[in-house]
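Just so you know, ligand 1 is whichever comes first in the structure, and atom 1 is the first atom listed for that ligand.
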Amino acid sequence: MPKTYNELYLRARTALKAAGVESYALEARLLASRAAGKDKEAFLRDLRLYTSDETEEKLEALLQRRLKGEPLAYITGDWEFYGLPMKVTQDVLIPRPDTEVLVDTALKALMGRKMDARILDLCCGSGCIGVALAHELPAARVVMVDVSESALEVSRQNIRLNRVNRTVCLRADALQKPPMSIGEFDMIISNPPYVPSFEILTLDSSVRDFEPLGALDGGEDGLMFYRSILQYWLTALRPGGLMLFEVGEDQAASVRALMREAGMQDVFSVPDTAGIERVVVGRRPKN
Ligand code: GLN
């Protein structure tokens with residue numbers, strides 16, 4: 001029996017609701033329009049039309065992935081960060097709303113000062129931070145670094161998708177010294193892996209089973225990347241330049257202490273919308 005697009009949508013909606021998916025209606029529409037290969041407007045316009053068996057099978061496959069707990073972002077490949085469209089694959093973390101606080105803090109620090117700042121997004125993953133900054137600061141020059149070539153591939157896609165200029169991707173390891181040629185930055189911004197290794201198993205299964213562990217695992221105490229960046233990458237920050245980190249819950253005090261030990265000045269932290277200290281900022285002394 002041929003079905004209409006609306007019937008497909010309702011089938012997805014019922015299945016997601018029964019599985020306890022919170023935004024079942026929205027997700028059903030996104031999955032059904034993805035299976036149909038139509039954007040939101042076209043899907044709504046065509047609700048009464050009959051669909052093909054192929055579309056029905058496609059939706060069933062997408063639905064099964066979602067019902068097994070795979071995050072919607074990986075199934076559709078599309079997400080949004082800082083109001084911008086972002087591509088995601090399982091090679092990168094899905095951008096979190098918490099990370100928007102990191103971008104806000106960076107913009108606040110740069111606004112009205114150095115609009116053509118050189119910014120390094122270290123451990124860039126999907127590139128969401130670097131792309132959002134490049135989008136907001138068209139004169140800035142942004143270098144995005146990750147150890148994973150497949151993550152850089154996603155970053156490049158997001159650079160193209162958002163048509164940001166003066167932005168380049170470079171492969172390097174935050175746990176080692178930066179390449180000599182990288183130059184000096186006015187700002188280094190990073191959301192590195194920060195989950196303590198032993199806590200990985202306790203993460204929600206939608207994170208643990210689908211997101212890349214290399215982007216989450218911050219070593220024994222979760223602070224390995226902060227130590228390494230402060231040890232090796234400070235040389236890439238110009239005197240007077242700013243270092244901004246996203247940190248995990250309960251890590252802000254330790255990361256502030258690490259910054260001060262590394263000789264950083266004006267160290268402070270910023271809470272996210274849930275009141276958790278999410279961002280730690282420090283300045284490299286002028287001399
Ligand atoms: N915030 C991520 C989480 O939900 C962790 C991100 C990171 O390690 N940088 O687990």
Of all heavy-atom pairs linking Asp46 and Tyr5, the shortest is O-CD1, 3.2 Å
My understanding is that a hydrophobic cluster links ILVMFWY residues whose side chain heavy atoms are under 4.5 Å apart, including indirect links. Using that, what else belongs to the cluster containing Met180? none
Is it the case that Arg118 places NZ or CZ above or below the six-membered ring of Phe185, under 6.0 angstrom from the centre and within 45 degrees of the axis? yes
Regarding Glu220 and Ser197, do their side chains bring together a donor and an acceptor under 3.5 Å, going by distance alone? no
Give a table of atom pairs where an N or O of ligand 1 lies under 3.5 Å from a protein N or O.
{"unit_1": "ligand 1", "atom_1": "1 (N)", "unit_2": "Tyr194", "atom_2": "OH", "d": "3.0"}
{"unit_1": "ligand 1", "atom_1": "4 (O)", "unit_2": "Arg96", "atom_2": "NE", "d": "3.1"}
{"unit_1": "ligand 1", "atom_1": "4 (O)", "unit_2": "Arg96", "atom_2": "NH2", "d": "3.1"}
{"unit_1": "ligand 1", "atom_1": "8 (O)", "unit_2": "Tyr194", "atom_2": "N", "d": "3.0"}
{"unit_1": "ligand 1", "atom_1": "9 (N)", "unit_2": "Asn191", "atom_2": "OD1", "d": "2.8"}
{"unit_1": "ligand 1", "atom_1": "9 (N)", "unit_2": "Pro192", "atom_2": "O", "d": "2.7"}

Sort and list the pairs that fulfil salt bridge (Lys or Arg N to Asp or Glu O under 4.0 Å) and have at least one residue in residues 79-105, not counting sequence neighbours. Asp78-Lys87, Arg96-Glu211, Asp98-Arg278
According to the salt bridge (Lys or Arg N to Asp or Glu O under 4.0 Å) rule, which pairs have a member within residues 252-265, sequence neighbours left out? Arg256-Glu277
